[in-house]
Amino acid sequence: MSRTKRFLHVLNRCISVVLTVLLVGLFLVMVYLIIASNTQSMPFFNQYSIYTVTTGSMTGTLDVGSVIVVKKVDPQTLEEGDIITFLSNDPMFNGKVVTHRIVEVTEGTGGKMFITKGDANEDRDGAAALPSNVLGKVVLHIPWLGYLLAFLKTKQGYFLILILPCFALLVVEVIQLIKNICRYVDEKDQKKLDSESQTGEISDEKNSQDDQTREKSPVREEAEGDSTKEAAGQDNTDEENA
């Protein structure tokens, strides 16, 4: 196998391995995110949880469809400007989970209280967030990922995340198998050609030797004929002398 063929073979194997690893990794990440979004907690990372932004109160900072990662923190360390996720006391939100920015920190009977406001809202929230209701501080957001997670929770999404990676891996393996078969057939044909070529060379060499033998044979016959004539002439001379 030439260096070029060897290099292409190694490159092809590397690409196949990388694609396989990426597909498996993507599959595992999607499964992990689905589990985390359903439980609103991140397995193996107990200090973090994830939520999907479903309203436009933070548009421009956290757009609808974004996924936010929230880290548990000591509420006493929170400051003005932090974006927090909390259980709202505002009757308008009915105890729902809300993610807004702290615009003012005040002191209450139970310690710090946080006046919050959505970046896209004109007014502040109707009730301050209590430290005991704070779920954490937003440390990361991923735009549009929430739409993908919502789709993956549907029947079509389950089909996509379970079947598509398996099908892609199957296609990669089938392509590799076809290439190996083609390579085996090519090598077999090449060996056959080499064998036939070697046989042809041996046959040509044998024919050449036969031709040389035929060319030498008349000379021997002619030489034998001359010798016979000379012997006959010598006999005649002896008879005349007698």
Side-chain angles (χ1 to χ4, degrees), residues 22 25-162 165:
L22 288 177
L26 180 62
F27 171 76
L28 294 176
V29 168
M30 289 295 100
V31 171
Y32 180 87
L33 289 176
I34 289 175
I35 295 173
S37 63
N38 285 335
T39 60
Q40 292 185 342
S41 63
M42 300 182 69
F44 312 114
F45 300 95
N46 296 328
Q47 295 298 314
Y48 297 87
S49 56
I50 67 173
Y51 299 87
T52 299
V53 178
T54 58
T55 64
S57 62
M58 290 290 290
T59 298
T61 304
L62 306 174
D63 294 327
V64 175
S66 298
V67 166
I68 58 174
V69 178
V70 178
K71 181 181 180 181
K72 293 180 182 180
V73 296
D74 181 357
Q76 301 304 315
T77 63
L78 294 173
E79 300 175 348
E80 182 177 330
D82 291 337
I83 299 176
I84 61 173
T85 298
F86 58 97
L87 295 174
S88 177
N89 297 325
D90 193 335
M92 181 183 298
F93 297 116
N94 239 350
K96 292 182 178 179
V97 176
V98 176
T99 297
H100 280 173
R101 188 184 300 276
I102 298 175
V103 294
E104 185 180 347
V105 179
T106 62
E107 291 292 336
T109 55
K112 285 185 176 181
M113 299 181 66
F114 308 102
I115 307 301
T116 55
K117 172 182 172 297
D119 287 357
N121 294 343
E122 294 183 359
D123 301 323
R124 297 181 175 187
D125 296 336
L130 301 176
S132 58
N133 288 345
V134 174
L135 300 176
K137 175 182 175 181
V138 176
V139 294
L140 176 68
H141 81 280
I142 306 173
W144 314 114
L145 182 59
Y147 291 120
L148 176 60
L149 293 179
F151 170 71
L152 292 177
K153 293 177 184 179
T154 64
K155 291 182 178 180
Q156 296 85 349
Y158 279 118
F159 174 82
L160 178 68
I161 194 172
L162 293 176

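All of these numbers come straight from a predicted model, not from anything done at the bench.
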Within a strict 4.5 Å, meaning less than it, do heavy atoms of the [X] and [Y] side chains meet?
X    : Y    : result
L130 : M113 : yes
T85  : I68  : yes
V67  : L149 : yes

Has [X] got a side-chain atom pairing as donor or acceptor with [Y]'s backbone, closer than 3.5 angstrom?
X    : Y    : result
N121 : D123 : no
K112 : E107 : no
D63  : G60  : yes
N89  : G95  : no
R101 : G81  : yes

Review point. Do we see a donor-acceptor contact under 3.5 Å between the side chains of T116 and D125?
Key: yes

Can you name the closest pair of heavy atoms from [X] and [Y] and give their distance?
X    : Y    : result
H100 : F86  : N-CE2, 4.1 Å
F93  : S88  : CD1-OG, 3.4 Å
P131 : P75  : O-CG, 3.5 Å
V64  : W144 : O-CZ3, 4.1 Å
S66  : P143 : OG-CA, 3.5 Å

**Study point:** The single option from K137, H141, M58 passing side-chain contact (heavy atoms from CB on, under 4.5 Å) against I83
**Key:** M58

**Study point:** From CZ (F114) to CD1 (I84), nearest 0.5 Å
**Key:** 6.0 Å

**Study point:** Enclosure of K117 NZ (heavy-atom neighbours >12, cutoff 6.0 Å)
**Key:** yes

**Study point:** Cationic N near anionic O, under 4.0 Å, R124 to E104
**Key:** yes

Point to revise | Whether Y48 and F45 hold their rings parallel, tilted or perpendicular, with breakpoints at 30° and 60° | key: perpendicular

